[in-house]
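Nothing here was measured: the structure is a model prediction, and the numbers come from that model. Just so you know, these numbers use all the heavy atoms, side chains as well, and skip hydrogens, waters and symmetry mates. We name chains A, B, ... by the order of the sequence lines, and we start the count at 1 in each one.
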Amino acid sequence: MFKNITKIISIILLSFSISTALKAETIKVIDWQGGVVGITDSYAEFIKNFEAANPGVTVEYTQYTVATYNEYLKPALSSGAGPDIFAVYPGPDVDDINNAGHLVNLTEAMDSEWQSWLGESASIPALSRNGGLLMAPQDAFTEELWVYKDMIADLGFELPAFGDSYTVDEWIEISAAANAKGLDGLMFGPVESWCVWDGFYNMANQLNPEYPVDLTNKALNGEISWDRDMFRLPLEAYKKMHEAGVWREDSLGMDYQVQAWGKWLDREGVGIYCNGDWFTASAPAEHNTKDNANIFMMSYPKINGDVPMTYNKATGTNLGVNANSDNKDMALKFVRYTNSPEASTIFAKNGVIPVALAAMDLDILAASDNPLFNDGIKMLATEGRNTEIYYPQAEAQKALYDGIMEIFLGVASVDDVINKMNKVTGFDG
Amino acid sequence: MSSNQTSYGATFKHSPGFYILSRLVVLFFMIIIIFPILYTFSMSIRSPETVYSAKFFLIPEEFSFQNYIDAFEYGEKRLKVSFPRMFVNSIIVTSSSVILIITLSIFAAFGFSHYKFPLKESVYNIMIASVAMPAQVLLIPMFYILLYMGILNTYQAVILAYAGFLIPIGILILRMFFEQIPKELSEAAIVEGASDFQLLTRVLLPLAKPAIATCIILLFLDTWNEFVYAMVFMQDSSIHTIPVALAKIGTSRYQISIGTYSAAIMITVIPVLTIFAIFQRWFIAGITMGALKH
Amino acid sequence: MNLKFNYRTLLYLFPALLIFIVFNVLPGMTSLVLSFFEFSGFETNLFQKFVGWKNFIKISNDKYFWIALKNTFLFVFGAVFIQTGIALLLAIFIFFGNFKYSTLIRSIIFFPCVLAPVSVGLVWKKIFEQDGVLNTIIGLDFSWLSSVSLAIWLIITVNTWQWIGYTLVIYYAGLQSLNTELLEAADIDGANWRAKIFSIVIPLLWPTTILNMILNLIGGFRAFDIVYVLTRGGPAHYSEVLASYLYYYSFAAGGPSKMGVGASIAFVIFACIFSIAIIRVIAMKRINK
């Protein structure tokens, strides 16, 4: 028994010595982009440069995966032992974290140079509350569909012009032709709820009669009814595409980042639904070279041929600075650095589209070796409707996702879902 | 009586019906168990290009160990932790936890099985019920407690957290086995003047060897594969355990070929299996059923 | 066997109980209390917003909660009866079957337990895909994991597959501790193997069976990883179990982020097991009379 006790004590002592290392000022940064090559590599370089320019400062950067991020972040922030800089899922989490008082108001902390780097992106509504920017955006992207050009040609179709996309009916035709050849039309991973939401929001936005007034937001708040074409038609379009087999039946059990994306990389389908050009660094190399730029990006399916061009342009990682941090000033300095032209160039080099484009020469950026990256810059600059995808209403969005999935499963009808949405959002007459 | 008493076929030797039936049933289940494992293994030794083509699902078209190299590199580059380091961490956490839990459980199970005290069954029931709480529920309160104790981000944090969870299981198993030991033995020892401590160490423990071995194996399992607490309470990547790393690999946003992933799984599993195989023999050799006969 | 309670007894019980209380009961009770509050988990003071029974009313009105409850009971049923039953069968056959490589066989059956749930989930996910191994062998084109009715049974199958070795090992320990006098007596009487197994071995193994059932019961209620990796509770929450639905409410990205509701689901789990434990105590008292 005593042997065991000494063993235990020595193990405890051993682990003490391993884990307590006196460090100089340390900044802890975390995000949920675990596995996104471009971001990992970019940050590695940022940290190297920042530590060289600020001796005595160490930056510790840890990446989690999307699924497990909140499991770490909630206890950490709640107990006051949170990291100095942390990414926040845009959407409902922003309000929860902000109301708990964890975020520094970046608009107040920004100097004019920092603001000039971000330009308009310094006041993105989804990232701000009460006029104050709460999270510093890092990378920008357009959320869209990617298709293999050679497959489209093989099936006998023509690509739309850059910036345009296929209509729902065209996708049904393409998928029928693809299925005949043993391919899928679109790879779809609806187990991840944003795959379902963001397409819906785009289609609704195409039909928004009062654009740029955000009617979807009003509906999610229960201010207006869900029983209108703007919402009904996208639900019906989803139903039509599912029943026509645009994506395989198995999709309902597939997640996006491992299964859907993986199968598209294996060329089992023509297009990947709900992708974003945050993945330009992870695109299959053989199809993304100057000699073989075989991937085409297009926006979501158009409800019909007459709707205006509608895009989902957004920011990916958004870093908040912990208001309770001991190293607030140094943390702000680091975040500021990530928006600088120097950092933006590093992002671009690694295939990540930086958000701080206001001070950058877009022509130089869009001439890199990565065709998809170049296209991504072009797409961001293309004029058209922009769609909000980071709504804060958690319950309503949950009901929307469940409703659409039930339509796919054949358990609910479009009317059922519309009625449920009105009920959940509290719309009364 | 054979010394390697792993089975007791003596009384069933002359039953051909039993013989055939047992072979059929065992074979059937072995196939079901083995197939996915072989599938994973065969995935891991395929060349990356031919990962999806194979004869009868199992026999690779092209053999290659490239996947293992990729898996090692992936761990180094993306996770900032080397596989060897992760192994060390897992071993430290698991062995400390198992030692701690077994020791405390043996004593506590002795207390439960051989003594009477008020509220004994209520406490026991609460113990059983508490184990059913999923780990995530206790995450935030546990985090607070560990933070308050100042041991966050260390091995002790998870060791103690696991102990809290697994001591009830240890007590459950050991109490059951202690109570199965014939009373005559304990009574004989007492008559001969043994103290309760000596009763435990000289009489009960040697007899409970199968139970303790079982306990060790089960505790090993529950701590080796646990990843929620490991991930949240030990964020420092230098003390990451294997399940955390595997979970990151398996759910990251970077497409990892199933071949590489299978290789990562095999890397983590083969040493464990070897240890387990050796362990099993060691414990079985120490079992003497003869002690029960008198 | 009842020895006299003395100070040493306290010493035996104390360390285990202390750790149990600090690292299990304390967080557990906190969680139960928290089920009466509303919080997202980010607040520095979790106890700000007391909402009484609101969380419980919410889940009782939520159709997916009832689906999760039903699935949990199916899952527990599978674990307690199917898993225990098959393991018992296998243990008896291996122990008495005079297998030359019984240790190897047991190790192989035990092997899946050593695998991390994430790994098991990913491997089986591949097998269950529409163009995966299972469909190719059976010759169907069915989408297994997106089936509203079948998904949970597949999860139960995978779970049983993984953990059967666990139950087997415990049964084996029980068999090794078995008192063989009765068997030898039966031999002398010339009983056949059916009689020996059903009238002697299985009844003698009864305590071990109870132990296994309890362990599998607990494991069944707790199971989260395998559900999450295989289906994430999908499609559309039709394969949720209580533990995964709790996770969805508490931590999921894009989920409702209402940890109070998660805590109330945990309360339900605790209540279920506690009731079963009480039933067990009452049953034991009746049997002992």
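Note: C:Thr9 OG1 to B:His114 NE2 = 12.0 Å, rounded to the nearest 0.5 Å. In this structure, CG on C:Leu46 lies 5.5 Å from CD1 on B:Ile140, to the nearest 0.5 angstrom. Taken from OH in B:Tyr162 to CG in C:Asn24, the straight-line distance is 14.5 Å, to the nearest 0.5 Å. Considering CG of B:Asn125 and CD1 of C:Ile273, their distance stands at 11.0 Å, rounded to 0.5 Å. C:Phe23 CZ to B:Met142 CE: the interatomic distance, rounded to the nearest 0.5 Å, is 7.5 Å. The distance from atom OH of C:Tyr248 to atom CD of B:Gln136, rounded to the nearest 0.5 Å, is 15.5 Å.
The salt bridge (Lys or Arg N to Asp or Glu O under 4.0 Å) search around B:Arg175 returns B:Glu121, B:Glu179, not counting sequence neighbours. With sequence neighbours excluded, the residues that form a ring pair (Phe, Tyr, Trp, His ring centres under 6.0 Å) with C:Phe274 are C:Phe270.
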C:Phe93/B:Phe18 under ring-ring contact (aromatic ring centres under 6.0 Å, His included): CA gap, chis, key distance, verdict: CA-CA 8 Å; C:Phe93 277 133; B:Phe18 185 78; 5.4 Å; yes
Verdict with reasoning, C:Phe110 to B:Leu221, per side chain to side chain contact (heavy atoms under 4.5 Å, CB included): CA-CA 11 Å; C:Phe110 189 70; B:Leu221 272 188; 3.6 Å; yes
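The candidate with the highest count of non-hydrogen atom pairs below 4.5 Å against chain C, out of B:Thr214, B:Leu160, B:Ile173, B:Leu200, is B:Leu160. When each of B:Phe177, B:Trp224, B:Phe178 is scored by its heavy-atom pairs under 4.5 Å with chain C, the top score falls to B:Phe177. When each of C:Ser250, C:Pro207, C:Ala271 is scored by its heavy-atom pairs under 4.5 Å with chain B, the top score falls to C:Pro207. Among B:Leu146, B:Val228, B:Leu138, the residue making the largest number of heavy-atom pairs under 4.5 Å with chain C is B:Leu138. Interface remark: of the candidates C:Cys113, C:Gly220, C:Cys272, C:Pro15, C:Cys113 forms the most heavy-atom pairs closer than 4.5 Å to chain B. Interface check for chain B: of the options C:Leu90, C:Thr30, C:Ile269, the most heavy-atom pairs under 4.5 Å are formed by C:Leu90.
Proximity to chain C involves both the backbone and the side chain of B:Ile32, based on heavy atoms less than 4.5 angstrom apart. Proximity to chain C is absent for every atom of B:Phe143, based on heavy atoms less than 4.5 angstrom apart. Residue C:Leu134 does not touch chain B at all, counting heavy-atom pairs closer than 4.5 Å. With a 4.5 angstrom heavy-atom cutoff, C:Ile19 touches chain B via backbone and side-chain atoms both. For chain C, the nearby part of B:Met30 is the side chain; its heavy atoms alone come within less than 4.5 Å. The part of B:Ile167 that comes within reach of chain C is its side chain, from C-beta onward, which places non-hydrogen atoms under 4.5 angstrom from that chain. Heavy atoms of C:Leu217 lying under 4.5 Å from chain B are absent altogether. Of the two parts of C:Ala266, the backbone and the side chain both hold a non-hydrogen atom closer than 4.5 Å to a non-hydrogen atom of chain B. Both the backbone and the side chain of B:Ala135 come within contact range of chain C, with heavy atoms under 4.5 Å apart. At a 4.5 Å heavy-atom cutoff, the contact between B:Ile126 and chain C is made by backbone and side-chain atoms alike. For C:Ile105, the parts lying near chain B are the backbone and the side chain together; criterion is any non-hydrogen pair under 4.5 Å. When heavy atoms are compared at a cutoff of 4.5 Å, B:Phe165 approaches chain C by way of both its backbone and its side chain. Using a 4.5 Å cut-off between heavy atoms, B:Ile128 contacts chain C through both its backbone and its side chain. Contact annotation for B:Met149: only side-chain heavy atoms (C-beta onward) come within less than 4.5 Å of a heavy atom of chain C. Contact annotation for B:Pro168: only side-chain heavy atoms (C-beta onward) come within less than 4.5 Å of a heavy atom of chain C. For chain B, the nearby part of C:Leu89 is the side chain; its heavy atoms alone come within less than 4.5 Å. Neither the backbone nor the side chain of B:Leu166 comes within contact range of chain C; no heavy atoms are under 4.5 Å apart. Heavy atoms closer than 4.5 Å to chain B are found in the side chain of C:Ile214, but not in its backbone. Using a 4.5 Å cut-off between heavy atoms, B:Tyr124 touches chain C through its side chain atoms alone. With a 4.5 angstrom heavy-atom cutoff, B:Ile145 touches chain C only via side-chain atoms. For chain C, no part of B:Ile101 is nearby; none of its heavy atoms comes within less than 4.5 Å.
The shortest non-hydrogen separation linking C:Val169 to B:Ile217 is CG1-CD1, 4.4 Å. Between B:Val131 and C:Arg222, the closest heavy-atom pair is O-CD, 2.8 Å. Contact record, C:Pro112 with B:Ile33: CG-CG2, 3.7 Å, taken as the closest heavy-atom pair. Contact detail for C:Ile127 and B:Pro36: the closest heavy-atom pair is CD1-CB, 4.1 Å. When all heavy atoms of C:Phe20 and B:Ser130 are compared, the closest pair comes out as CE1-OG, 3.2 Å. C:Thr44 and B:Tyr144 make their closest contact through O-OH, 3.1 Å (heavy atoms, listed as atom of the first residue, atom of the second, distance).
Between C:Asp225 and B:Phe227 the shortest side-chain heavy-atom distance falls below 4.5 Å. Considering only heavy atoms from C-beta on, C:Phe251 comes within 4.5 Å of B:Leu139 through its side chain. The shortest side-chain heavy-atom distance between B:Asp222 and C:Tyr166 falls under the 4.5 Å cut-off. Side-chain contact between C:Leu13 and B:Phe117: present, with at least one pair of heavy atoms (C-beta onward) separated by less than 4.5 Å. Taking 4.5 Å as the limit, every side-chain heavy atom of B:Met133 sits out of range of all side-chain heavy atoms of C:Ile218.
The local environment of CZ in C:Phe14 is sparse, with at most 12 non-hydrogen atoms from other residues, nucleotides or ligands closer than 6.0 Å. Applying the 6.0 Å contact sphere to NZ of B:Lys116 captures no more than 12 heavy atoms from other residues, nucleotides or ligands.
B:Tyr115 and C:Tyr12 have tilted rings, their planes meeting at an angle from 30° to 60° on a 0 to 90° scale.
Checking side-chain atoms of C:Ser31 against main-chain N and O of B:Val137 turns up a donor-acceptor pair under 3.5 Å. In terms of modelled atom types and a separation under 3.5 Å, the side chain of B:Asn225 and the main chain of C:Leu115 share a donor-acceptor contact.
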